[in-house]
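Here is the naming used below: chain letters follow the sequence lines, and residue numbers restart at 1 for every chain.
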Amino acid sequence: MVERPGDREGPGGQGRTVAEPPTLDAAFVLRWVRGLAGAIHEHRDYLTQLDAAIGDADHGVNMDRGFAAALGKLEADAGSSPGDLLELVGTTLVLSVGGAAGPLYGSALRQMGRALDGSGPFDGEGLLVSLRAAEDEIRRLGAAQLGDKTIVDALDPAIHAFERGLRSGEDLAAAATRARAAAEDGMRATVPMQARKGRASYLGPRSVGHQDPGATSTALLFAALEQAVTAEGP
Amino acid sequence: VIQSVRRAAAILRELGSGHPRLGVTELADRLGLAKATVYGLLRALEEDELVEHDAETGKYRLGPALLQLGNAFLDGHELRARSLLWADSLADRTSEAVRVGVPNGANMLIVHHVFRPDNSVQILEVGAAIPWHACALGKVAAAYRDEHALGELLAGPLPRLTGRTVVEPTELREQLEAVRHAGVAVEDQEAVIGEAEVAAPVFDHSDLAVGAIGVAGPVERLLPEGAALAHVVAAVKEAGRGLSRDLRGVRRYARQP
């Protein structure tokens, strides 16, 4: 079937109950990943410093390398669906990032992509479903619970805040702002926690008093998401 | 006097657990003791350099004498002392990081760590305590312990550190049986996602496993295709055997395949 310019916004559609039309397209994914890659590059030394206190001192460097590689792949890709693009980012991270961050973020983004069915743009509900798929995957791989001082401590409250925003009728931008704020609160809340996962857990009580690098990069991810949903264009 | 020693130990532990600088009042609150008591103990600890007083903030932190004591503990460890050369040569042969551990309750205490020889930034893990069931060092040390000790270890707790950590006692027993058969333990991301370890036991003259030596590194390098590389297994076994020989505990290795 040949698609004509008028078809997309044509009447009828799927009889959606959501007020907003789906606006999260391939250009959104590109904006998000570009913003995130930039933020991680900017905070590379900070992430590494956090990791040096309780981990292996490689989080910043690994994430920077991985997201730079993923951005390169995305920019070279034209015409893929948003879901396929997220899968591509995930696969690139798994292959190019060492340590725990590559498998965790990579597998999570892959699951995000797979959770977006269909080839067209998606809306806030679609984003919520795919974020939940990402959290499920991270919990499965890491066996992490809330309070273990991991990515989950920023990711879980952010997703819940995003959902509350959507349920209370906020637009996508407002819900994304809520999510970013909740991720940052969650990130700060890891400081007094004693790590129960990862290399940080070997330190026992000495891990108390340090902010978790994984929760910090997750907060950057939601800050980039907030920027990406409000902006337009690639 | 015993009570004072206990309280002094509690102060040191408090300063060593994520609150590196605490004032007298904070310490007194945390320990539920009178300020005068805590102050007296701190002064005594300070005299022996076990704590330091920061004149600027008025707070206390751990003192330099503790580092000397920690080093003395490590130096007094025969396994560690004997392992230095073996660990260096194992790191050299495998191009991976090497760790030597001894059982300490339900954990393996890392007493020696040689960095991966690739000039990358790494963090010293000496002093780290890794749950025995989640690392190759611990599996291999447990595999050669007596049934009573093993029963206590399997009774737990057995925390899940990643989605791959084996925590079922029956499954762990099967793993240990396989370890005894192979003479090495291989761990695949059970302690930290993305990391693997291959370890061999170290025996002393009593023919009991006193510890273990192993290489740890990125899973894609250590276990390509999901299995340990033959030359890594051979090098780890040789280090375990050599170290056991130095500790006059070779009989057990002689019986192994």
Under 4.5 Å from any heavy atom of chain B - which part of [X]:
X        : answer
A:Leu141 : both
A:Arg140 : backbone
A:Arg139 : neither

Measure the spacing between [atom1] of [X] and [atom2] of [Y] and express it to the nearest 0.5 Å.
X        : Y        : atom1 : atom2 : answer
B:Arg160 : A:Asp148 : CZ    : CG    : 12.5 Å
A:Tyr202 : B:Leu109 : OH    : CG    : 13.0 Å
A:Arg196 : B:Leu161 : CZ    : CG    : 11.5 Å

Greater than 12 external heavy atoms within 6.0 Å of [X]'s [atom1]:
X        : atom1 : result
A:Arg167 : CZ    : yes
B:Asn119 : CG    : no
B:His53  : NE2   : yes

*Work out which heavy atom in A:Pro103 is nearest to a heavy atom in B:Ile193; give both atom names and the distance.*
CB-CG2, 3.8 Å
*Do you know which two heavy atoms are closest between A:Ala57 and B:Ile123, and how far apart they sit?*
CB-CD1, 4.0 Å
Among the listed options [options], the residue most often paired with chain A at heavy-atom distances under 4.5 Å:
options                      : answer
B:Ile130, B:Thr165, B:Val219 : B:Ile130
B:Gly194, B:Ser17, B:Ala134  : B:Ser17
B:Glu220, B:Glu125, B:Gln189 : B:Glu125

